[in-house]
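Down below is the structure, laid out as structure tokens.
Letters go in sequence order (proteins before strands), and every chain restarts at 1. Side chains included, hydrogens not; waters and symmetry mates left out as well; all remaining heavy atoms used.
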Number of protein chains: 2
Amino acid sequence: MVTLQDVAREAGVSIATASWAINDNRHVRIPEATQERVRKVAQKLGYRQNALARGLARGQSDLIGFISDGVATSPFAGQVLQGAQDEAWRSNKLLLVIDTNGDDEIASKACAFMLEHQVEGIAYSSWVHHLVTPPNELSKVNTVLINCFDSAMRYPAVVPDEVQGGEAATNLLLAAGHTRVAFINDKVRTPASVGRLRGYKQALAKAGIPYDPSLVILRTADQEGGYSAAEAVLASGADSVFCHNDRTAMGLYDALKSRGKRIPEDFSIVGFDNQEVIANHLHPALSTVGLPQYALGVLGIRLLLANNRQTKQSSVANDNKESAKTNMRIVSRQETLVPCPVVKRRSVKHV
Amino acid sequence: MVTLQDVAREAGVSIATASWAINDNRHVRIPEATQERVRKVAQKLGYRQNALARGLARGQSDLIGFISDGVATSPFAGQVLQGAQDEAWRSNKLLLVIDTNGDDEIASKACAFMLEHQVEGIAYSSWVHHLVTPPNELSKVNTVLINCFDSAMRYPAVVPDEVQGGEAATNLLLAAGHTRVAFINDKVRTPASVGRLRGYKQALAKAGIPYDPSLVILRTADQEGGYSAAEAVLASGADSVFCHNDRTAMGLYDALKSRGKRIPEDFSIVGFDNQEVIANHLHPALSTVGLPQYALGVLGIRLLLANNRQTKQSSVANDNKESAKTNMRIVSRQETLVPCPVVKRRSVKHV
DNA sequence: TTGAAAGCGCTAACAC
DNA sequence: GTGTTAGCGCTTTCAA
């Protein structure tokens, strides 16, 4: 292993100078020439910083913890991870990733592990937008919740704007001239089902169409749910359907088609999630509203890093008021809503 | 921050003793009592090891690099990551994850970054089984390829057994009594298309059924491909179809149904990939062959860690023969084939 | 069995 | 500007 010492010796400078030359330290001005020379030598020797030593000395690891309850399980979560990584990368941070697979004990251990590795913060992310109770260890470190939130609201959270999404989806149908829009909603009460229903109602209200509860059909949020909702849709006299998600839409497609109905001629349909494997490949391709996963990841990490800077500053500003920091964390609690993008395809027909 | 020093002082022992008491060092025997006391104090003080310091001192980071070209893009890759993580965890290692999104420059930087962080090895994984040219930096560290392989075969690779998978899929149909099995294969030449075709042929041969090239239909490996293959399937006089993957099967379902055909009454169908969102929710649910993603991840990391141990040992055994290590790495090259599991559902009918 | 002390490789005061 | 040096927190050899 080539150390800074080797580089310094070879370049005929002190170890400190070598460090500065390589790190572009702004507190010290080193002649171009020296800097150049040191770098050349470093290159030649194949020198590579030791992040462990560096981190130890600077009290900063350049590591960010990313805890997820299901990158593996879900086709969604990957995008969040990607966004988080890309944003972390921009600040020269690396992601320490652990998937808890929904196990709280693992989550707790994951935290401990990450704290040992001196992570500069932890992003706690869920594959489905819901209420979580993150491990207590999290309170010991700068934390941000992604695609989930805690009841105590101790941590800032970045979540999709379900209401806006629901409204956008409904508007897709309304704008096409439909007036009786059925809504197959998840029968389970979740941020998504509650928010999207609210958005649905808002859209109707703005369009001056009275809300008709008989148009809201409650089912499980999957293909089977959509499939089984066909009867109800037919019976409701609806001319179009907003499905709680793409999977529901997929099931509905199937059921409608087997009854000889055509999409979008007989029914305009929109889904939710923009789940690539499904939405883009149904016949006809499904218009839908996407979840802003990538953005969630990006914003989560951005928030984390911003809080980090802020904490540092404030702790410098009033290092004797330890409580200020604690207060800050609670007070500064906020929920960032990220809009859901509309994806128009071929399942909506203008009337 | 509570340091080992604090614990030692509070417990009235030296810092070294404290370290031993906490780490269960096997070279030193510490009285139960002392050990217990130190641990209690550590607990009370909320002591937490500093992995950076520990790693620096021991020359070992407990970090493993995981480079992927698309955890985000693919619903598959997540499982690999999960397997890798679980296995790493078992050895108390953490995963440093970077997704290159297919960008070679990023891959190269990712390597550099990981090397700086003193990773003990790098698992280079791809979301699709194919030939890769990993960055040269990889040669500087213990590496294993997951779900991909390099042409120079410099690194050990863990990949799915496409041949066995293809054979298993075909057998699903053969065992049900079908004799004219069509195979909608990917028209692009890939390890999957080549291997599965070989497996298809093997299954036929073992069943004593002559291989009929007219039953092999080449299409793109997605819904559209499957959809467009319906005509050819009908024309071929096949009684069943092995689809290159579940997406293809999904398209075929669609096309067949719209032509009034029933599955599995008129056609038995099997897919490949066991892509949850699709296979388990088609009507009827699709029998298929799964990709052993989780196992790939587990085995990859296991191999990596095993190689690590081996390297250490051999370098101790003959530390003056540096070349031995180098040779070993090249010679020990191997491709580990992981079997693809069969998943029986309802799309195959016994005749 | 225990403690003192020498690093691990690097950064950042501080002195020159 | 550049070098000296004192750590960062922990492990581990060596002596006691």
#### Entry: Residues from residues 48-58 of chain A lying under 4.0 Å of DNA chain D - heavy atoms
L56(A), A57(A)

### Task
Mind calculating the distance between CD1 (I30(B)) and P (dT11(D)) to the nearest angstrom?
12 Å

#### Entry: Value in whole Å for how far the C1' atom of dG3(C) lies from CG of L4(B)
13 Å

### Message
Could you check whether N147(B) and Q293(B), counting side-chain N and O atoms only, form a donor-acceptor pair closer than 3.5 Å?
### Response
no

Enumerate all atom pairs, one protein N or O and one N or O from nucleotides 13-16 of chain D, separated by less than 3.5 Å.
none

### Query
With respect to the side chain of S19(B), which nucleotide from dT12(D), dT11(C), dG1(D) is positioned closest?
dT12(D)

## Note on the structure
Separation between CG (L145(A)) and CE (M153(A)), nearest 0.5 Å, reads 12.0 Å

### Summary
When rounded to whole Å, the CD1 to P distance for the pair I15(B) and dG7(C) reads 17 Å

### Query
Separation of R9(B) atom CZ from dG3(C) atom P, in whole Å?
14 Å

### Query
With respect to the phosphate group of dG3(D), does any side-chain polar atom (N or O) of S14(A) fall under 4.0 Å of OP1 or OP2?
yes

### Task
Report yes if the side chains of L299(B) and V144(B) come closer than 4.5 Å at any heavy-atom pair, otherwise no.
no

### Summary
Rounded to whole Å, the NE2-P distance (H117(B) to dG9(C)) equals 17 Å

### Query
Rounded to the nearest Å, what distance is computed from the CD atom of residue Q5(A) to the P atom of nucleotide dG7(C)?
11 Å

#### Entry: Carboxylate-amine/guanidinium proximity below 4.0 Å for E87(B) and R90(B)
yes

#### Entry: Closest contact, heavy atoms only, A88(B) versus L95(B)
CB-CD1, 3.7 Å

### Query
To the nearest angstrom, how far is Q60(A) atom CD from dT11(C) atom P?
11 Å

#### Entry: Residue-phosphate contact under 4.0 Å: T17(A) side-chain N/O, dT2(D) OP1/OP2
no

### Message
In whole Å, I'd like the distance from the CE atom of M1(B) to the P atom of dC8(D).
### Response
11 Å

### Query
Could E36(A) and R39(A) be called an ion pair, given the rule that one side-chain N must be under 4.0 Å from one carboxylate O?
no

### Task
Take L94(B) and D62(B) through the test side chain to side chain contact (heavy atoms under 4.5 Å, CB included) and record every step on the way to the result.
CA-CA 6 Å; L94(B) 249 36; D62(B) 288 340; over 6 Å; no

### Message
Is it the case that the side chain of Q79(B) and the backbone of Y294(B) share a donor-acceptor pair, with hydrogens and angles ignored and the cut-off at 3.5 Å?
### Response
no

### Query
Is a salt bridge present between E116(A) and R54(B), judged by a nitrogen-to-oxygen distance below 4.0 Å?
no

